[in-house]
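Scroll down for the structure; my scribbles are underneath it.
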Amino acid sequence: MRRDRHLTKDTWAAATEIGYVLTFLLGLSFMSFFSVWTWEMQDARGDVWMEQAMEENLDSVAAAIERADVVSRLDGNATYAEPVDLLLSNAVNLKFRMLLTDSGLVMQDYSSNMKSTRDISSTGNTHHSGEVELAGIEQIWVVLQDNTIIITTNQPGF
């Protein structure tokens, strides 16, 4: 009996231990909510950065294509090559591709969730073609040869 009375008198210690456990669980839940919140912010910001990089890549390549068109208008038999450095070159898992047609330049992922285009003026008599897989590519080439403008990952040999 004496032992039971001693245990019932020491309710403050039990309450303190329960308080410690509840405080720990409350802190754990706050940390979990905070980490989910920061992950969502980082994920959303990463999407914005990726879209900006896509736009910058398209602008750079489209400008190089326009310069190649100008060269073809000046001399129909000219050869011209220009390297274009790309952003997102280390993003291998994104699986983007860039496609050049006579009407424009398209950059998209294979699931077509992200797609961006640029119109090409095509003021010269050249044809435009080419498709480049952008996974791990740091530089692509805009090449004018034989009255055709292509995009490629291979440096031309002229």
Side-chain angles (χ1 to χ4, degrees), residues 19-158:
Y20 290 153
V21 170
L22 292 177
T23 303
F24 172 75
L25 291 176
L26 182 64
L28 187 63
S29 65
F30 281 148
M31 290 298 288
S32 298
F33 289 135
F34 179 74
S35 64
V36 168
W37 176 65
T38 56
W39 180 79
E40 288 175 355
M41 280 182 20
Q42 186 273 337
D43 193 41
R45 189 65 196 152
D47 290 344
V48 170
W49 288 337
M50 188 170 27
E51 289 173 11
Q52 289 173 346
M54 283 178 63
E55 298 295 324
E56 180 67 29
N57 287 341
L58 279 173
D59 290 341
S60 299
V61 174
I65 292 168
E66 294 292 340
R67 288 189 288 275
D69 270 335
V70 169
V71 170
S72 74
R73 279 183 285 165
L74 296 175
D75 182 6
N77 295 323
T79 56
Y80 174 83
E82 180 178 342
V84 178
D85 294 325
L86 298 177
L87 301 175
L88 292 178
S89 61
N90 59 352
V92 176
N93 60 342
L94 293 179
K95 297 182 182 177
F96 279 109
R97 67 180 178 161
M98 190 175 286
L99 178 66
L100 176 63
T101 65
D102 283 330
S103 59
L105 184 64
V106 178
M107 185 174 175
Q108 69 181 16
D109 62 346
Y110 279 105
S111 62
S112 296
N113 291 334
M114 300 187 79
K115 181 178 180 180
S116 190
T117 61
R118 290 291 178 276
D119 292 331
I120 304 295
S121 66
S122 300
T123 55
N125 292 329
T126 58
H127 299 285
H128 299 88
S129 67
E131 182 174 345
V132 175
E133 303 294 324
L134 298 178
I137 302 298
E138 295 180 8
Q139 188 178 66
I140 65 171
W141 288 83
V142 175
V143 179
L144 166 65
Q145 190 173 20
D146 298 328
N147 212 21
T148 301
I149 297 175
I150 63 168
I151 56 173
T152 181
T153 57
N154 300 326
Q155 181 178 6
F158 52 84

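- The shortest heavy-atom contact between Ala64 and Val142 is CB-CG2, 3.7 Å.
- Rounding to the nearest 0.5 Å gives a distance of 6.0 Å between CG of Leu134 and CG of Leu86.
- Nearest approach of Met54 to Met107, heavy atoms of both residues: CE-O, 3.7 Å.
- The minimum heavy-atom distance linking Leu100 with Ile149 is given by the pair CD2-O, 3.8 Å.
- At a threshold of 4.5 Å between non-hydrogen side-chain atoms, the residues Ile120 and Thr101 do not count as touching.
- The side-chain contact (heavy atoms from CB on, under 4.5 Å) search around Phe30 returns Leu26, not counting sequence neighbours.
- A distance of 12.5 Å separates OG1 in Thr23 from CG in Leu28, rounded to the nearest 0.5 Å.
- Interatomic distance, CD1 of Ile140 versus OG1 of Thr152, reported as 9.0 Å (0.5 Å rounding).
- Atom CD1 of residue Ile65 and atom OG of residue Ser72 lie 12.0 Å apart, to the nearest 0.5 angstrom.
- For Asp102 (side chain) and His128 (main-chain N/O), a donor-acceptor pair under 3.5 Å exists by modelled atom type.
- The CD atom of Glu51 sits 8.0 Å away from atom CD of Glu55, with the distance rounded to the nearest 0.5 Å.
- Under the rule for a side-chain contact (heavy atoms from CB on, under 4.5 Å), the partners of Asp59 that lie at least two apart in sequence or sit in another chain are Arg118.
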Give every donor-acceptor pair under 3.5 Å between a side-chain atom in residues 77-85 and any protein atom, sequence neighbours left out.
{"from": "Tyr80", "atom 1": "OH", "to": "Glu82", "atom 2": "OE1", "distance (Å)": "2.5"}
{"from": "Glu82", "atom 1": "OE1", "to": "Arg67", "atom 2": "NE", "distance (Å)": "3.1"}
{"from": "Glu82", "atom 1": "OE2", "to": "Arg67", "atom 2": "NE", "distance (Å)": "3.3"}
{"from": "Glu82", "atom 1": "OE2", "to": "Arg67", "atom 2": "NH2", "distance (Å)": "2.5"}
{"from": "Asp85", "atom 1": "OD1", "to": "Gln139", "atom 2": "NE2", "distance (Å)": "3.1"}

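- Annotation: side chain of Asn147 is not in contact with side chain of His127 (no heavy-atom distance under 4.5 Å).
- A side-chain donor-acceptor contact under 3.5 Å links Asn57 to the backbone of Leu87.
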